[in-house]
Amino acid sequence: MIQSIIEWLLSPESWTGSSGIATRLWEHLLYSAIVVVLACVIAIPLGLYIGHAGRANWAVTLANSARAVPTLGLLFAMTLVVGPMISSELAFVIPSIAVLVLLAIPPVLSGAYAGVASVDPAARDAARGVGMRPLQVLTRVEVPCALPLLLSGIRAATLQVIATATIAAYVGLGGLGRFLIDGLASGDYVRTAGGALLVAALALTVDGVLALVERYAVSPGLTGKDVGDTAVVASTT
Amino acid sequence: MHRTSRSAGVLALATAALLTLTACGGSSDPLSSETTDDSTATDAATDGGGGGEEIVVGSANFSESVLLANIYAGALNNAGVNASTNTGIGSREIYLNALEDGSIDVIPEYTGALGFFYDPEFSETDPQAVYDVIQGLLPEDFVVLDRAEAENNDSVVVTQETAEEYDLAAIPDLADVAGELSFGAPPEFETRPQGLSGLQETYGVEFASFRPLTGQALVQALQNGQIDAANIFSTDPAIVVNDFVVLEDTEKLFGSQNMVPLVRADVADTVRDTLNAVSAELTTEQVTEMLRQTDVEQRNPEDVAAEFLEQAGL
Amino acid sequence: MIRFDRVTKRFPDGTVAVDELDLTAPTGKITVLVGPSGCGKTTSLRMVNRMIEPTSGAIYLDGTDTADLKAAEMRRGIGYVIQHAGLFPHRTIVENIGAVPTLLGWDKKRIQERSMELLERVGLDPSVARRYPSQLSGGQQQRVGVARALAADPPVMLMDEPFSAVDPVVREQLQDEFLRLQDELDKTIIFVTHDIDEAIKMGDQVAVLRVGGRLAQMADPAYLLTHPADDFVADFVGRDRGYRALSFQASPRLPLHSERTLLMGEATDRTDEWILVVDDEHRPQGWVEPSRLSGPVTEADLQRGGTVARASGSLRAALDAALSAPSRRGVIVDDSGELIGTVRAHEVLAAIEDADRPELQDDDQAGSPAPDPAAEHTPS
Amino acid sequence: MTWIQDNWTVIFPLGWSHAVLAGVPLVIGLILAIPLGWAARRWRRAYPVIVSTSGLLYTIPSLALFILMPLILGTQILDPVNVVAAMTVYTVALLVRTVADGLGSVPDHVQQAATAMGYGGLRRFLVVELPLAIPVIIAGLRVAAVSNVSIVSVASLIGVSQLGDLLVDGFNRNIPGELLLGIAACLALALVFDVVITAVGRALTPWTRTARA
């Protein structure tokens with residue numbers, strides 16, 4: 001079994017072609033990137049606003065309880081409802097992307113919210129006191145200080161999206177999930193296991209890259225010596 | 001850095017092993033009770049009764065298979081054999097494994113499909129010949145009972161508009177135009193011998209792209225034009241409802257697909273008489289009508305099966 | 001000069017934090033706002049740089065109504081120091097100090113030079129420049145906070161309990177250093193504290209506020225201690241105020257007695273009396289009891305319990321020197337620390353009795369709003 | 001919607017299976033996570049290793065884990081044990097970090113006081129540290145419960161029956177009512193789990209209530 005998986009992973013034929021690993025990997029990465037970017041575009045401003053203004057906390061609660069909605073059900077519902085409205089190839093992509101965005105919003109939102117809310121009130125007060133305008137307070141003090149929590153929220157969301165995008169293959173999305181779903185349908189466990197390994201490897205790689213980004217983006221003044229605290233799981237959010 | 005990652009790996013393995021062990025041991029109790037509860041619950045609709053080993057009837061993940069499983073189980077229960085269903089298991093590749101390992105005892109099958117499954121070179125098309133040949137192909141512990149007259153074949157369908165646009169009536173008509181068309185089917189169609197490769201070898205039909213889809217997504221995609229042709233079962237009421245055109249399988253690529261109960265040899269004697277009686281009653285028209293009731297009228301497959309059995313006196 | 005003109009702040013929930021406050025903080029002086037929690041002192045301070053907008057009334061900054069200024073730009077011209085320093089945790093110490101100059105668009109080199117200059121000015125080692133706030137102690141952070149407020153050399157500073165989050169020893173150091181700094185800088189400062197001792201120490205004038213944001217009394221510290229306007233102020237100023245008021249009364253010419261001294265390392269034959277030990281420059285080192293001495297005086301023999309008062313210091317210091325000395329003879333030194341003589345407690349008390357108490361001002365009736373001494377003294 | 005009227009009672013047997021498949025792993029996962037979390041606190045170097053390993057387990061797609069479990073465990077492919085084992089892996093992955101952080105949240109002075117009073121290692125852990133870590137652990141358990149209820153529905157794709165069947169069947173037969181019922185039942189179940197866990201947590205930590213009152 002393990003040997004066949006390695007053979008499958010190493011064989012050039014599995015990598016090439018429109019349903020080869022290279023294409024699937026690229027699709028997976030592309031979809032995940034689109035999803036995370038969309039989720040960030042929606043959730044970061046919202047989270048920053050909620051954390052900054054200390055208002056509309058219910059939105060965070062709402063987003064968090066939305067995590068209980070079964071992804072599979074949401075995926076099916078979205079496909080049945082949204083699918084017929086779109087006549088192009090996008091009909092396979094948009095419902096899945098939409099569901100994954102919904103999935104990615106809660107961690108990013110709570111990350112952004114908790115990040116801003118955790119900014120030392122004295123620092124925020126001082127920022128106004130030295131004469132920063134509201135936008136300057138946000139961009140020069142609140143966002144940089146919120147960065148550790150915000151980025152860990154984004155990392156958690158990214159991991160979740162990469163892992164969950166596989167299920168979307170059931171409703172026709174491309175990506176590495178195809179190996180799982182198609183492997184399952186045709187009883188080809190080698191493809192399934194190989195696909196799972198690829199997904200995990202992709203998740204780890206992306207997480208590693210994000211960890212590097214975090215290291216460069218976050219001021220050492222905030223991380224201090226707590227280097228061990230950089231690996232983040234969804235549970236923190 | 002190096003050392004940390006290696007020890008992390010070792011620890012991951014150890015953790016996984018530990019989990020695995022405890023998960024097995026620790027959970028056996030609640031689960032066995034869960035299984036019983038589940039099956040009695042599914043039985044509740046049919047008048048379960050009779051003693052002996054419980055027979056589990058499995059099904060694939062499409063409506064007709066679920067319906068047939070309910071008919072089989074209902075008939076067995078009516079005949080005093082304790083039977084339950086485990087429906088929606090998945091594709092043939094999966095449920096045959098389940099039959100093999102004893103998770104299920106009976107599964108509704110199709111003659112030609114079994115032939116193709118066990119012999120990629122399988123070439124019989126005549127219903128009786130197919131039935132006869134597969135007897136010899138099956139693994140030792142599997143037995144097929146009598147085949148029904150009812151048949152549900154794989155089919156290639158297109159929308160009315162596509163049929164008109166390209167002047168399509170039979171699969172060979174696709175040969176020249178398939179290069180411009182996309183094709184949708186359940187994922188396993190891509191690798192099955194009578195799937196994409198069969199279409200190409202038998203008819204020289206090679207589609208521009210393949211889109212793996214199941215269930216409603218497949219029907220919807222064809223309807224909305226995201227795919228141009230689809231592999232849908234010939235008994236699927238969606239064909240009638242949506243006015244799809246079934247392209248004639250002139251070369252009998254999909255062979256004969258009579259409905260047939262595939263059972264484990266160890267339960268064959270218990271279920272033979274009852275299920276043979278069911279197969280004797282099943283016609284394609286009846287199955288199509290029952291599927292219309294479950295999929296279009298959204299009736300419960302259990303109820304539809306019970307009605308059929310009552311009418312048939314089973 | 002900062003002038004509050006009938007300033008009221010009513011919060012949305014109906015509580016009145018500041019009620020019709022009239023108050024002037026004179027140029028170049030430290031005006032302390034002190035009072036129990038809920039007296040509106042911080043609210044009053046924060047209304048100056050419009051961190052909080054007044055509900056009614058106006059605050060004038062050198063004659064200009066602050067409501068007419070753009071809040072953010074105005075704040076850049078007002079130094080602001082708060083309790084927990086409020087340093088930006090993601091910026092280095094120099095970047096923190098350079099915050100306002102950066103906002104003002106100074107060029108980088110100038111910001112850098114100015115920041116380093118201030119770092120030294122507030123008593124920090126230049127090596128901390130590249131560190132982050134979390135790597136500094138509370139006291140150090142507070143110094144950075146002061147440096148940041150001074151960076152653009154604003155004429156006005158607002159200080160909100162700047163030293164209350166550090167331990168007493170460090171607090172005293174910071175207070176002393178800040179007073180020294182203020183001597184050079186002559187900023188116009190409003191200083192908020194809940195600690196009456198700090199108020200008395202730091203303030204050129206002290207405004208005592210009562211709960212509900214009403215001014216109870218405004219006076220210079222000595223006057224406040226000797227003439228509390230009412231029970232509330234008296235109670236707030238607290239016990240020992242008679243004794244503490246002595247801090248503000250310079251010693252008159254006290255009858256000094258010459259003291260027999262012993263140099264370090266010398267031996268003596270006398271056995272009965274305490275002897276003062278001095279160093280080569282005649283600076284007092286401590287007392288010794290000759291009966292316990294078995295040879296030349298060493299460090300270990302010294303009894304260091306007594307305090308030392310300057311001749312130019314306060315009566316309080318002189319009295320304390322007398323009370324704390326084991327010989328009961330208070331050691332008095334000149335400004336360079338050289339011994340000039342000793343004084344006895346009863347002699348200090350006699351001097352106190354002869355001295356004048358600060359005079360009661362005519363219009364200062366208990367319970368009525370305090371007059372504005374600053375308005376009389378400072379032409380604006 | 002007539003489908004719901006005619007068939008809504010199916011949610012009970014399916015919901016019960018769902019609850020078992022999601023709930024049993026919570027219990028096993030917690031039992032496993034406590035010693036692991038303790039180890040992560042006890043040995044400083046173990047913390048990053050344990051935490052990143054559990055993070056790594058969480059990146060395995062649920063579907064893949066379900067499919068591959070029979071190969072790892074040697075179980076039958078339709079055996080619910082596969083799902084329970086896979087869900088246990090996720091639960092542990094989520095809870096180890098929570099337990100470690102929860103134990104870390106116990107104030108130093110409390111631990112020192114306990115040690116000074118003569119509580120030994122294991123006893124101190126069971127009597128002092130673990131109870132004080134309960135609020136944090138409960139919070140983690142709530143996240144794990146919600147996540148489990150959602151993930152378990154995927155098991156329908158491998159033929160293990162629970163509320164996810166309603167999703168798959170509703171989708172395949174185009175019965176929006178059935179799909180909706182499945183989603184609603186999952187949400188309701190998640191809510192039940194949340195309420196139960198919160199109640200248990202509250203019962204176990206009476207001191208937090210008096211503190212708040």
Side-chain angles (χ1 to χ4, degrees), chain A residues 44 48 51-56 111-112 114-154 212-230, chain C residues 42 45-46 48-52 69-93 95-105 130-136 138 141-142 144-145 147-152 154 157-162 165:
Chain A
I44 293 179
L48 291 181
H52 177 79
R55 236 174 294 166
V116 172
S118 74
V119 175
D120 180 5
R124 191 180 295 146
D125 191 59
R128 288 179 64 212
V130 299
M132 291 189 187
R133 296 196 187 83
L135 201 64
Q136 289 175 319
V137 175
L138 187 72
T139 56
R140 298 195 186 186
V141 177
E142 288 182 322
V143 170
C145 290
L147 221 47
L149 283 176
L150 174 60
L151 285 178
S152 80
I154 294 177
L212 280 180
V213 169
E214 202 170 310
R215 188 166 299 178
Y216 284 105
V218 174
S219 156
L222 295 169
T223 47
K225 293 159 224 155
D226 289 342
V227 180
D229 205 29
T230 49
Chain C
T42 295
L45 178 95
R46 289 163 64 87
V48 174
N49 63 353
R50 291 177 56 200
M51 301 289 279
I52 297 176
L69 301 168
K70 287 189 172 170
E73 270 128 58
M74 173 187 71
R75 289 175 192 146
R76 291 170 198 173
I78 299 178
Y80 187 57
V81 189
I82 56 179
Q83 184 172 3
H84 294 282
L87 300 184
F88 305 137
H90 60 298
R91 301 245 184 107
T92 60
I93 299 307
E95 287 167 346
N96 264 287
I97 298 176
V100 178
T102 306
L103 286 169
L104 292 172
R130 296 281 153 212
R131 300 236 186 108
Y132 287 92
S134 58
Q135 297 166 309
L136 266 52
Q141 290 189 21
Q142 212 55 58
V144 177
R148 180 174 65 183
L150 290 171
M157 284 180 76
L158 305 175
M159 305 180 79
D160 187 0
E161 307 233 3

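Below, chains carry the letters A, B, ... as their sequence lines are ordered, and counting in each starts from 1. For clarity, every value in this text was computed on a predicted model and none was experimentally measured.
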Quiz item: About how many Å separate CG of Leu87(C) and CG of Asp120(A), when rounded to the nearest 0.5 Å?
Solution: 9.0 Å
Exercise. Could you tell me whether a side-chain N or O of Glu142(A) sits under 3.5 Å from a main-chain N or O of Arg124(A), the two making a donor and an acceptor?
Key: no
Practice problem: Between chain A and each of Leu104(C), Val81(C), Ile82(C), Thr92(C), count heavy-atom pairs under 4.5 Å; write down the option with the most. | Solution: Ile82(C)
Quiz item: Non-hydrogen atoms of chain C under 4.5 Å away: do they reach the side chain of Arg140(A), the backbone, both or neither?
Solution: both
Practice problem: Under 4.5 Å heavy-atom distance to chain A, tell me which part of Arg50(C) shows up: side chain, backbone, both or neither. | Solution: backbone
Exercise. Using a cut-off of under 4.5 Å on heavy-atom pairs, state which of Leu147(A), Val218(A), Val141(A), Asp125(A) scores highest against chain C.
Key: Asp125(A)
Exercise. Would you mind checking which part of Pro89(C) comes under 4.5 Å of any heavy atom in chain A, side chain (CB onward), backbone (N, CA, C, O), both or neither?
Key: both
Practice problem: Take Leu45(C) and Met159(C), measure what side chain to side chain contact (heavy atoms under 4.5 Å, CB included) needs, and give me the verdict at the end. | Solution: CA-CA 8 Å; Leu45(C) 178 95; Met159(C) 305 180 79; 6.0 Å; no
Quiz item: Hey, is Arg148(C) close enough to Glu95(C) for a salt bridge, meaning N to O under 4.0 Å?
Solution: no
Self-check item: Options Met74(C), His84(C), Arg46(C), ranked by heavy-atom pairs under 4.5 Å with chain A, top entry
Solution: Arg46(C)
Exercise. Give, for atom CG of Leu158(C) and atom CD1 of Ile78(C), the distance between the pair rounded to the nearest 0.5 Å.
Key: 5.5 Å
